[in-house]
Q: 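If you scroll down you'll find the structure; I have some questions about it.
As the structure is a prediction and not an experimental result, all values here were calculated from the model. Lettering follows sequence order; numbering is per chain, from 1.
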There are 2 protein chains.
Amino acid sequence: MQQTDPALPVADVFNADCPSRMILSHVSSRWGGLVLVALRDGRLRFSELRRRIGGISERMLAQTLQVLEADGLISRRDHGEVPPRVDYCLTEAGEAIAIRYFELAHWIEANLSRLGTQPALSGD
Amino acid sequence: MQQTDPALPVADVFNADCPSRMILSHVSSRWGGLVLVALRDGRLRFSELRRRIGGISERMLAQTLQVLEADGLISRRDHGEVPPRVDYCLTEAGEAIAIRYFELAHWIEANLSRLGTQPALSGD
DNA sequence: CTGAACACTTACCAAAATGTAGGTACTTCC
DNA sequence: GGAAGTACCTACATTTTGGTAAGTGTTCAG
């Protein structure tokens with residue numbers, strides 16, 4: 001299935017210089033993963049994303065979308081209309097990553113009470 | 001299995017104020033996920049982690065270990081010896097998160113060639 | 001005619017993250 | 001006795017990140 005090009009060194013996130021680190025940092029940046037997960041619901045417009053992702057600013061959303069697009073994780077479609085109409089969706093790679101990030105996020109949501117964030121769960 | 005406390009609002013990472021966002025940000029911080037993944041190999045000492053995770057500084061490793069411990073994702077064991085001997089391992093919750101973060105990171109490693117890894121994207 | 005929505009961009013500034021260098025108190029190795 | 005290793009901590013400086021507010025040009029609703 002997946003051939004490893006012998007000319008390329010094996011990707012390794014533990015290696016500071018490996019390009020995988022860069023992608024990983026974009027995905028797990030403050031907004032990157034949330035944008036990806038939001039797009040799992042399907043194609044969304046800029047302002048829809050903005051409303052959906054609590055706390056994100058226009059500036060950050062625009063920037064995040066650009067980075068993710070450059071990484072090949074989402075694709076941007078401009079309908080060339082006026083007023084502007086642009087929407088975004090996941091690429092195949094984006095979907096693969098989004099689902100994994102979602103599983104991470106979702107586990108956290110579902111198990112929040114076991115984590116050290118709560119007011120006080122009396123115990124050891 | 002999992003009881004949802006009806007008194008608590010449902011966790012939602014899209015909500016800026018949801019505590020899950022904080023955990024998620026720790027896990028997907030620059031070093032958090034890598035520390036968790038590194039510990040999947042078993043109990044490791046501070047200096048072992050430092051050597052394993054390329055590019056991390058002592059300061060950042062120490063800080064990251066503290067927040068992960070506070071979140072209940074890793075546990076610290078001090079052998080009380082001199083010279084110091086301290087080691088870390090994943091808690092159950094830590095394992096659950098580590099495996100999910102690993103799957104994300106590993107997919108990226110394995111599929112790097114499909115991604116737009118072009119280094120620079122002069123922005124801002 | 002005013003204001004809002006759209007999808008952004010830019011300048012400016014504050015805050016957060018991170019690196020560097022030094023220190024600690026001790027031990028083992030050469 | 002000097003160097004290196006252990007697991008940190010602290011102060012300081014820098015780099016990166018992110019928010020705010022303003023602007024763009026057009027269209028539509030009131």
Side-chain angles (χ1 to χ4, degrees), chain A residues 13-14 16-17 21-35 38-39 43-71 74-89, chain B residues 13-17 21-36 38-39 43-71 74-89 119-124:
Chain A
V13 289
F14 287 119
D17 302 323
R21 272 279 263 276
M22 192 168 297
I23 302 287
L24 189 58
S25 78
H26 296 163
V27 171
S28 60
S29 68
R30 181 154 182 203
W31 305 110
L34 293 179
V35 167
L39 286 172
R43 191 174 284 281
L44 290 177
R45 302 179 62 170
F46 185 89
S47 51
E48 290 170 332
L49 280 165
R50 175 137 156 69
R51 280 187 291 264
R52 174 156 255 250
I53 302 171
I56 197 171
S57 64
E58 287 195 359
R59 178 164 135 48
M60 279 298 104
L61 178 56
Q63 194 177 106
T64 303
L65 288 168
Q66 283 171 7
V67 170
L68 262 20
E69 196 194 0
D71 288 343
I74 64 179
S75 74
R76 188 186 113 111
R77 188 172 62 174
D78 186 342
H79 294 247
E81 294 173 7
V82 92
R85 177 180 194 81
V86 176
D87 53 33
Y88 297 86
C89 66
Chain B
V13 288
F14 287 119
N15 176 356
D17 302 323
R21 273 278 264 278
M22 192 168 295
I23 302 288
L24 189 58
S25 78
H26 296 162
V27 171
S28 61
S29 69
R30 181 156 184 200
W31 305 111
L34 294 179
V35 167
L36 257 16
L39 286 173
R43 192 174 282 281
L44 290 176
R45 302 179 61 170
F46 185 89
S47 52
E48 290 170 331
L49 280 165
R50 174 136 155 71
R51 281 186 291 264
R52 176 163 265 243
I53 302 171
I56 197 170
S57 65
E58 287 195 0
R59 181 165 129 57
M60 278 300 104
L61 178 54
Q63 193 177 107
T64 302
L65 289 168
Q66 283 171 8
V67 315
L68 262 20
E69 196 196 0
D71 288 342
I74 63 177
S75 76
R76 186 185 114 110
R77 189 172 60 175
D78 185 341
H79 295 247
E81 294 172 6
V82 96
R85 176 179 194 82
V86 176
D87 51 33
Y88 297 86
C89 66
L121 171 67
S122 49
D124 247 345

Q: Using atom CG of B:L61 as one end and atom C1' of D:dC8 as the other, report the distance to the nearest whole Å.
A: 10 Å

Q: Whole angstroms only, please: what is the CD-P distance between B:E48 and D:dG5?
A: 14 Å

Q: Sequence neighbours excluded, which residues qualify as side chain to side chain contact (heavy atoms under 4.5 Å, CB included) partners of A:R30?
A: none

Q: Under the side chain to side chain contact (heavy atoms under 4.5 Å, CB included) rule, collect the residues that match up with A:S75, sequence neighbours excluded.
A: A:C89, A:T91

Q: For B:R52, check salt bridge (Lys or Arg N to Asp or Glu O under 4.0 Å) against everything at least two apart and list the hits.
A: B:D41

Q: With sequence neighbours left out, what residues match A:R77 under side chain to side chain contact (heavy atoms under 4.5 Å, CB included)?
A: A:R43, A:H79, A:D87

Q: Report the distance from atom CZ of A:F46 to atom C1' of C:dA7, rounded to the nearest whole Å.
A: 6 Å

Q: Between B:L68 and B:Y88, is there a side-chain heavy-atom distance shorter than 4.5 Å?
A: no

Q: List the protein contact pattern of nucleotides 15-23 of chain C with one symbol per nucleotide (5' to 3'): B for base contact, S for sugar-phosphate-only contact, - for none; contact means a heavy-atom distance under 4.0 Å.
A: ---BBB---

Q: Who passes side-chain hydrogen bond (donor to acceptor under 3.5 Å, both in side chains) against B:R59, sequence neighbours left out?
A: none

Q: Could you check whether B:R77 gets within reach of a base, just the sugar-phosphate, or nothing at all, counting any heavy atom under 4.0 Å?
A: nothing

Q: With sequence neighbours excluded, tell me which residues meet side-chain hydrogen bond (donor to acceptor under 3.5 Å, both in side chains) with A:D78.
A: A:R76

Q: Ignoring backbone atoms, test whether B:Q66 places a side-chain nitrogen or oxygen under 4.0 Å from the OP1 or OP2 oxygen of D:dC9.
A: yes

Q: Quick one: B:I53 CD1 to D:dA7 P, roughly how many Å, whole number?
A: 14 Å

Q: Test of understanding: with side-chain hydrogen bond (donor to acceptor under 3.5 Å, both in side chains), list the residues that count as partners of B:R51, not counting sequence neighbours.
A: none

Q: Whole-Å distance between C:dC8 C1' and A:R50 CZ?
A: 11 Å

Q: Just to be sure I understand the geometry, which residues of residues 78-89 of chain B put a non-hydrogen atom under 4.0 Å away from DNA chain C?
A: B:V82, B:P83

